[in-house]
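This report concerns only the one structure given below.
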Amino acid sequence: MDYVESVLEELKAKDPNEPEFHQAATEILRGLRPVVEKHPEYERAALLERFVEPERVVMFRVPWVDDGGKVRVNRGYRVQFNSAIGPYKGGLRFHPSVNLSIIKFLGLEQILKNSLSGLPIGGGKGGADFDPKGKSDGEVMRFCQSFMTELYRHIGQDTDVPAGDIGVGGREIGYLFGQYKRIANEHVGVLTGRGLSYGGSLARTEATGYGLVYMVEEALKCRGDGLKGKTLIVSGSGNVAIYAVEKAQSLGAKVVAMYDSNGYIYDKKGIDLAVIKQIKEVERGRIKEYAERVKTAEYHEGCRGIWAIPCDIALPCATQNEIDGESAKLLVKNGVKLVGEGANMPTTLDGIAVFQRAGVVFLPAKAANAGGVATSALEMAQSSSRLFWPFEEVDAKLKNIMINIYHNMDRAAEEYGVKGDYVAGANIAGFMKVASAMMSQGIV
Ligand code: NDP
Ligand code: 2IT
């Protein structure tokens with residue numbers, strides 16, 4: 001058994017109940033095989049064993065009182081995975097499915113994503129098995145305050161800087177920041193994705209979706225093509241999905257389908273994003289309501305059916321494992337040419353293999369959705385310098401970062417003999433900097 005497989009075996013034996021973490025580690029480590037073959041010193045330094053072991057894991061009780069006076073208890077997490085190249089950085093996810101396996105897979109991905117961004121940020125991730133859906137603002141606030149009452153002692157602007165993810169948007173970041181400031185007595189950039197009136201950066205809200213589309217446009221441009229006239233499916237209807245649709249439409253693409261966790265809408269005339277924003281950002285409603293308001297649209301219960309709709313480009317922007325091998329085969333059969341991952345690990349290992357065998361251009365999450373965290377790092381820079389940059393300046397930096405990531409992963413894939421395999425390319429390009437920093441810092 002080679003070095004990569006033996007590390008994977010050991011990891012699965014140590015934590016057998018972490019399937020999402022195993023999946024992410026398998027994708028990453030197998031992509032790194034050409035690197036460890038070229039660098040035998042990495043094995044001598046047990047670099048991969050150290051890379052897959054978080055520097056620190058914090059799990060904590062989050063008690064709060066609901067509107068009916070009932071005491072509720074959730075479980076909170078922060079995985080401080082790797083600080084070789086900068087302070088831990090990564091989002092917080094509030095969703096009932098959250099567990100240690102999910103936070104560890106997200107944290108591992110985050111290390112390489114943050115490295116790819118070219119900015120000095122390490123990898124971390126956190127969250128809770130709390131469901132903000134159906135909760136009042138007061139309940140969400142009390143939950144966030146309780147969560148931060150424990151988390152504050154583990155984070156700091158130079159230590160660990162959380163942000164949003166699924167279920168954590170502007171409202172939650174506001175409540176979390178308010179509680180941090182109250183306890184720590186400092187107004188600093190300890191969280192990103194803050195509101196514009198208290199230290200946030202312009203373009204952070206749009207950054208992940210816009211960044212994804214900037215990379216898609218660059219990949220198409222390098223093939224003598226562009227988004228204009230293309231038909232897209234964008235899954236999800238949250239922060240990432242909405243701003244991916246906005247940018248894709250502004251570049252002349254037609255988005256025909258989106259979903260939330262209950263079902264999908266299909267609007268062959270092209271989705272009216274203003275209606276989606278009203279339902280999702282203002283009313284916190286369900287996507288079903290779109291079909292009640294827009295006559296050309298159909299609504300279907302369940303999510304999977306979305307991948308049977310013919311499209312040129314698919315942008316999965318909801319959650320992990322939304323495209324499995326079967327859905328990937330359907331997309332390929334219906335002519336998909338490019339898949340760009342807005343969500344983290346939205347495609348299963350089987351699904352990735354289907355796309356790659358079919359010659360579909362596959363832009364993996366850690367590269368394609370890095371625009372969010374990259375812009376978070378720009379928010380940190382603005383906080384430290386106590387300045388605000390105009391929208392156009394942040395957006396131009398974001399675009400430049402996404403184009404650079406695309407070419408770095410493309411080059412890395414070619415250099416290591418796997419041209420066009422961006423899964424391996426992104427893993428290699430992201431890992432080289434982390435590996436170099438870890439090797440320089442001794443056995444830590
Ligand atoms: P939001 O909470 O804003 O939106 C999530 C969307 O995905 C909602 O439409 C939600 O539907 C849907 N969704 C969530 N879980 C499921 C599920 N199990 N099945 C079907 N649909 C589901 O989150 P974001 O847009 O911020 O995040 C989306 C993805 O992008 C995640 O994978 C996240 O990790 C990733 N990401 C986010 C970044 C950011 O800056 N926010 C940066 C990089 C990656 P419903 O409302 O019904 O639950
Ligand atoms: O997955 C991600 O990159 C995010 N949720 C954003 C993290 C961040 O720190 O902005």
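Residues take their numbers from the sequence shown, with the count starting at 1. As the structure lists them, so they are numbered: ligands from 1, and atoms in each ligand from 1.
Ligand-side atoms of ligand 1 in range of Lys133: 45 (P), 46 (O), 47 (O), 48 (O), range being under 4.0 angstrom from any heavy atom. Atoms of ligand 1 lying under 4.0 Å from at least one heavy atom of Tyr259, given by number and element, are 9 (O), 20 (C), 21 (N). Heavy-atom contacts of Arg286 reach the following atoms of ligand 1: 45 (P), 46 (O), 47 (O) (cutoff under 4.0 Å). Those atoms of ligand 1 that come under 4.0 Å of a heavy atom in Arg93, given as number and element, are 31 (C), 32 (O), 33 (C), 34 (O). Close contacts of ligand 1 with Ala343, meaning ligand atoms under 4.0 Å from a residue heavy atom, involve 29 (C), 30 (O), 32 (O), 35 (C).
The heavy atom nearest to atom 35 (C) of ligand 1, out of those in Thr319, Leu106, Asn344, Val373, is found in Asn344. Here the shortest heavy-atom distance to atom 38 (C) of ligand 1, taken over Ile276, Ile287, Thr208, belongs to Thr208. Counting only non-hydrogen atoms, the option in Gly236, Ala318, Gly193, Ala241 that gets closest to atom 28 (C) of ligand 1 is Ala318.
Looking at His22, its side chain does come within 3.5 Å of a backbone N or O of Asp15 through a donor-acceptor pair. Of the possible donor and acceptor atoms, none in the side chain of Lys366 sits under 3.5 Å from a partner among the backbone N and O of Val423.
For ligand 2, the protein residues within 4.0 angstrom (heavy atoms only) are Lys89, Gly90, Gly91, Gln110, Lys113, Lys125, Ala163, Gly164, Asp165, Arg204, Asn344, Gly372, Val373, Ser376.
Geometrically, ligand 1 and Asp260 share no nitrogen or oxygen pair separated by less than 3.5 Å. Where the criterion is an N or O separation shorter than 3.5 Å, residue side chain and backbone included, Ser261 meets it with respect to ligand 1. No N or O atom of Asn262 sits closer than 3.5 Å to an N or O atom of ligand 1. The shortest N or O to N or O distance between Lys280 and ligand 1 is not under 3.5 Å. For ligand 1, the polar-atom distance check against Gln320 finds no nitrogen or oxygen pair separated by under 3.5 Å. By the 3.5 Å distance cut-off applied to N or O atoms, Gly164 is not counted among the residues near ligand 1. Between Asn369 and ligand 1, not a single N/O pair is under 3.5 Å apart.
Closest to atom 4 (O) of ligand 1, if we only count protein heavy atoms, is Gly238 CA, 3.3 Å. Here the protein heavy atom with the shortest distance to atom 9 (O) of ligand 1 is Ser237 N, 2.9 Å.
The shortest separation from a heavy atom of Cys317 to ligand 1 is under 4.0 Å, placing the residue in contact. Residue-ligand proximity: Met258 is placed with every non-hydrogen atom at 4.0 Å or more from ligand 1. Distances shorter than 4.0 angstrom do not occur between any heavy atom of Met345 and any atom of ligand 1. Ligand 1 lies nowhere less than 4.0 angstrom from a heavy atom belonging to Glu322.
In this structure the side chain of Met215 never reaches within 4.5 angstrom of the side chain of Ile403, judged on heavy atoms.
For atom 20 (C) of ligand 1, the nearest protein heavy atom is under 4.0 Å away.
Between Tyr264 and His300, the ring planes lie parallel to each other; the angle is under 30°, not in the 30° to 60° tilted range. Ring geometry for Phe81 versus Phe21: interplanar angle of 30 to 60°, hence tilted. A perpendicular orientation is assigned to the rings of Trp307 and Tyr259, their planes being inclined by more than 60° (bins at 30° and 60°).
There is a side-chain donor-acceptor pair under 3.5 Å between Tyr88 and Glu55. For Lys113 and Asn369, the side-chain atoms include at least one donor-acceptor pair closer than 3.5 Å. Between the side chains of Tyr406 and Tyr214, not a single donor N or O lies within less than 3.5 Å of an accepting N or O.
Annotation: Phe130 is in aromatic contact with Trp64 [ring centroid separation under 6.0 Å].
Here the shortest heavy-atom pairing between Lys433 and Leu119 reads NZ-O, 3.8 Å.
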